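Comments concern the structure below.
These numbers were taken from a predicted model, which means no experiment stands behind them.
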Amino acid sequence: MKQQPLEDADEEHLVRRTAKGDRPAFEELYRRTSPWLAVRLRRRCADEQVVAEVMQETYLAVWRAAGSFAGAATGGTAVGWVWTIAARRLVDAFRRRAHHAELPAEVALDVAPVPAAEDVALAATVGDDVGDALRELAPELRQVLQAMVLDGLTVRETAVLLGLPEGTVKTRARRARFAMREALS
């Protein structure tokens, strides 16, 4: 039986082949997913060294754990699986850094924040009412909603990712859900 050419294979097929030790399939998966993964990680972490470490740890985990990918049988996607690994590795990196250094009390930004491409794309893909409601949310509420709902992080992981107490994350998540419900009713 002849294998499907790598260029024609979807990401799930590439993960399945990676699980069998197929290095070219792994390299193709990396080629396809690493650019957007790096962008998403940089959006959450400005430290290039941390992003590089998380990227390396993520793809090492993908190589080692490809056989555990459940895929479409459980409603998951290969790309979502890779992102979940990366998001958890980023949280782990933040935890490690928090043990070794204290964060400055205040961090000043020299540039005005602009909407992330991910937010723009999300707003464009959801209905007009939902997109409008998302755009109207305060940025701190939108961040929590994105981390917990879109990225699938737990309250604790979201707290570490955003550098907030867990109680604050819970409060903001509740406020975000309430604001979305109000805007959509």
Q: For the pair Met55 and Arg89, evaluate side-chain contact (heavy atoms from CB on, under 4.5 Å) and give the outcome as yes or no after the intermediate values.
A: CA-CA 9 Å; Met55 291 283 290; Arg89 293 299 185 272; over 6 Å; no
Q) Does the side-chain contact (heavy atoms from CB on, under 4.5 Å) test come out yes or no for Val155 and Met148, once each step is laid out? A) CA-CA 7 Å; Val155 170; Met148 293 181 70; 3.5 Å; yes
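With sequence neighbours left out, the side-chain hydrogen bond (donor to acceptor under 3.5 Å, both in side chains) criterion links Arg17 to Gln3, Asp22.
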Could you pull out every donor-acceptor pair under 3.5 Å between side chains of residues 166-175 and any protein atom, sequence neighbours left out?
unit_1: Glu166; atom_1: OE2; unit_2: Arg156; atom_2: NE; d: 3.1
unit_1: Thr171; atom_1: OG1; unit_2: Gly167; atom_2: O; d: 2.9

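Closest of all the heavy-atom pairs between Cys45 and Leu90 is CB-CD1, 4.0 Å.
Contact annotation: the side chain of Arg23 never approaches that of Thr18 to less than 4.5 Å [non-hydrogen atoms, C-beta and beyond]. The shortest distance between side-chain heavy atoms of Trp83 and Thr77 does not fall below 4.5 Å. Looking at Phe26 and Leu14, their side chains never come closer than 4.5 Å, going by heavy atoms from C-beta outward.
Arg16 contributes a side-chain N or O that, together with a main-chain N or O of Phe69, makes up a donor-acceptor pair within less than 3.5 Å. Counting only distance, with no hydrogens or angles, the side chain of Arg44 and the backbone of Arg40 share a donor-acceptor pair below 3.5 Å.
Under the 4.5 Å side-chain heavy-atom criterion for grouping Ile, Leu, Val, Met, Phe, Trp and Tyr, Leu60 is not connected to Val15 through any hydrophobic cluster. Val79 is not connected to Val39 by any chain of hydrophobic side-chain contacts under 4.5 Å among Ile, Leu, Val, Met, Phe, Trp and Tyr, and they are in different clusters. One hydrophobic cluster, built from ILVMFWY side chains closer than 4.5 Å, cannot hold both Phe178 and Leu145; they sit in different ones.
Sorted by first and then second residue, the side chain to side chain donor-acceptor pair (under 3.5 Å) pairs with a member in residues 49-68 read Thr33-Tyr59, Gln49-Glu53, Glu57-Arg96; sequence neighbours excluded.
Salt bridge Glu27/Arg31: absent, no basic N to carboxylate O contact under 4.0 Å.
In the displayed structure, Tyr30 atom OH is contacted under 6.0 Å by at most 12 heavy atoms of other residues, nucleotides or ligands.
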